[in-house]
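Both ligands and their constituent atoms are indexed starting at 1 by order of listing. Atoms considered below: every heavy atom in the structure, side chains included; atoms not considered: hydrogens, waters and symmetry mates.
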Amino acid sequence: MTAEIMTQADQVIANTYKRFPLVLAEGSECTVYDSNGRGYTDFVAGIAVCNLGHSHPKVIEALSLQAQTLWHVSNLYYTKPQVELADWLVKNSFADRVFFCNSGAEANEAAIKLARKFFNDRGENQRSRIIAMKQSFHGRTMATLSATGQEKIKKGFAPILEGFDFIPFNDADALDAQIGPQHCAVLIEPIQGEGGVRCPDADYLKTVRRICDKNGILLIFDEIQTGMGRTGKLFAYEHFGVEPDIMTLAKALANGLPSGAMLAREAVASAFGFGAHASTFGGTPIVTAAALEVCKTLVADNVIDRGRNTGEYFRKKLLELKERHPAIVDVRGLGLLLGIKLDFNGGTLVTQCMQKGFLINCIQENILRFIPPLIIKKEEIDALTDCLDGLLADIPDGPIPDNV
Ligand SMILES: *Cc1c(COP(=O)(O)O)cnc(C)c1O
């Protein structure tokens, strides 16, 4: 059965993902099960999506109830779950208004459009360019790949959209030098996720905020990966004492149902008037009912604080591994967005971990990223770090050539 599904997939599904030979069929808490019933502890969580793990009973209940009540109506009408979710997000963030969509890329599209519209409304349409960071990731649509600071994402898709300038992350002087009267916004991930779990230096984001203010331009935080408790706070910006003007969310917002949101302060949000932007599915009742339950559960069950503590424990275990294995050159990240940088290509380790019952993720070729559900247990972390300890012990000293 498993082999059949994989063969069929190779024939009918677009080849955009190189998949592991694994057919996943079920999930519960932090474990997913393949079609043969074998369990894997999930340190990928759908790429930082399933923050409450799989099959969370409260989310299932909220979703089931809404499924029996109302799935979808147009945004030409009001619905309660959407209003309640927006209200929760507003009360728990810097923002005053929320625009709902269905994915991270769409949330960033909305942010890019809003930043331009804001200055356009004020008659400053020369302020249209956006400064983004090298090694950033903002999505795969034409505008968001154009805003992404990685050439491999753009390759083959010319013409790339005009209007984005790139500077190195963590370099406030570069921002100061680049910024000008042609710019409307700085777009930045507080911690670069896909780019390699790269954290900002102390005060860097504060300096970015100050430079934006001095130049009268907007600051957009892409919290699609860092948001919803991933880093140990509801939003990563809370760690750094800085608030953006616009923030984008997606991934964990509905714990796996397609969902995105763009949040903004009133003065900025008001640039989106009637008809300025839209989405058929955005904020649909079936998704927002689930997302609202996700949000409430994160707080009611103390998931974020517990995740922060578990993240600190996990980080300590990774630092211990680094002591023991010189092949680990760096341990990085915050909360349960963690990574280790290796001095060799990590692809083989990912496969070996899978064979031993753990799903992990390798990015930028040599960075193992760990983004488990926030409800991950210490014992599950111990089991993974023990496994890595054993696998790394078998690796000969000195850098291994890539792609072995
Ligand atoms: C995943 C991600 C996106 C894109 O989200 P999609 O839902 O895949 O479009 C954008 N920005 C960041 C920081 C992400 O991690």
Can you run down the side chain to side chain donor-acceptor pair (under 3.5 Å) pairs that involve residues 59-72, sequence neighbours left out, and say none if there aren't any? H72-T284
What pairs of residues pass the side chain to side chain donor-acceptor pair (under 3.5 Å) test when at least one of them lies in residues 39-52, not counting sequence neighbours? D34-Y40, D42-H54, N51-R230
Using the ring pair (Phe, Tyr, Trp, His ring centres under 6.0 Å) rule, collect all pairs that involve residues 352-381, keeping only residues at least two apart or in two chains. F314-F370
Could you pull out every N or O of ligand 1 that sits under 3.5 Å from a protein N or O, with the distance for each pair?
residue: ligand 1; atom: 7 (O); partner: G104; partner atom: N; Å: 2.8
residue: ligand 1; atom: 9 (O); partner: G104; partner atom: N; Å: 3.4
residue: ligand 1; atom: 9 (O); partner: A105; partner atom: N; Å: 2.7
residue: ligand 1; atom: 11 (N); partner: F137; partner atom: O; Å: 3.2
residue: ligand 1; atom: 11 (N); partner: D222; partner atom: OD1; Å: 3.4
residue: ligand 1; atom: 11 (N); partner: D222; partner atom: OD2; Å: 2.8
residue: ligand 1; atom: 15 (O); partner: Q225; partner atom: NE2; Å: 2.8
residue: ligand 1; atom: 15 (O); partner: K251; partner atom: NZ; Å: 2.6

Quick one: do the [X] and [Y] side chains pair a donor with an acceptor below 3.5 Å?
X    : Y    : result
Q178 : R129 : no
T141 : E109 : yes
T351 : T348 : no

